[in-house]
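A quick write-up on the structure given underneath.
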Amino acid sequence: MKEIIAIIRSNKMKKTRDVLEVLGFPAMNARRVLGRGHQRAIIDDVNIPFPTEGIEESRGTMRYIPKRMISIMVKDRDVELVVEAIMKVNHTGNIGDGKIFVCPVDDAVRIRTGENGDVALQ
């Protein structure tokens, strides 16, 4: 099992969710995050929908950019399909497209039934 963590542009969340659902991966966690990469910030293209006090440290420093972080658990055989789908939806060729991380998962347990392993992902 693997956990795929993707940090994507906020405006790509709905399309990403829809594509993953069509591919058979409707279960995921999503959260609003603020972050920065090497792009330094997109000053004029930011609409932050939550409190931002303390984000801008001082004049001339980098601002944080609102993104979405999704986390999805998949079987090992599905990693390539999910990563490629996320990349295809989110690629614009511009700085700030996001990042994808693939992490190993030792086990998963469904609390309701006690099932574990790949069965718990279904």
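When reading the values below, keep in mind they use all heavy atoms of this one structure, side chains included, and skip hydrogens, waters and symmetry mates.
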Cluster check I7, I86: I/L/V/M/F/W/Y, side chain < 4.5 angstrom: no
Minimum heavy-atom distance between A120 and A108, given as atom pair plus value: CB-O, 3.6 Å
R110 side chain vs Q122 backbone, donor-acceptor pair below 3.5 Å: yes
CZ on R68 to CD1 on I70, rounded to 0.5 Å: 11.5 Å
Euclidean distance, I65 CD1 relative to R9 CZ, rounded to 0.5 Å: 8.5 Å
Within 6.0 angstrom of K14 NZ, more than 12 heavy atoms from elsewhere: no
Flag for N29-S71: side-chain donor and acceptor within less than 3.5 Å: no
Min side-chain heavy-atom separation K67-I8 under 4.5 Å: no
Value rounded to 0.5 Å, distance of CE in M13 from OG1 in T16: 6.5 Å
N90 versus D97, side-chain donor and acceptor atoms under 3.5 Å: no
Euclidean distance, D106 CG relative to N116 CG, rounded to 0.5 Å: 12.0 Å
Stepwise side chain to side chain contact (heavy atoms under 4.5 Å, CB included) check, Y64 with V33: CA-CA 9 Å; Y64 290 97; V33 296; over 6 Å; no
R31 atom CZ, over 12 foreign heavy atoms within 6.0 Å: yes
Contact summary for I72 and M28, nearest pair of heavy atoms: CB-CB, 4.3 Å
S10 to P66 - nearest heavy-atom pair and separation: OG-O, 3.6 Å
Straight-line distance of K12 NZ to H91 NE2, nearest 0.5 Å: 10.0 Å
Working for side chain to side chain contact (heavy atoms under 4.5 Å, CB included), residues V105 and K2: CA-CA 5 Å; V105 175; K2 300 284 192 262; 5.5 Å; no
Side-chain donor or acceptor of K99 paired with backbone N/O of I5 under 3.5 Å: no
Atom pair SG (C103) and CE (M73), whose distance is rounded to the nearest 0.5 Å: 8.5 Å
Same cluster (ILVMFWY, side-chain, under 4.5 Å), V19 and I100: yes
Heavy-atom side-chain contact between V82 and L23 under 4.5 Å: no
Smallest separation among heavy atoms of E21 and P26, with atom names: CG-CB, 4.0 Å
Test side chain to side chain contact (heavy atoms under 4.5 Å, CB included) applied to K75 and L121, step by step: CA-CA 8 Å; K75 297 175 184 174; L121 297 181; 4.3 Å; yes
More than 12 heavy atoms of other groups within 6.0 Å of E115 CD: yes
Audit row: V79, V102, side chain to side chain contact (heavy atoms under 4.5 Å, CB included) steps and yes/no: CA-CA 8 Å; V79 170; V102 179; 4.0 Å; yes
4.5 Å side-chain heavy-atom contact, I4 and F101: no
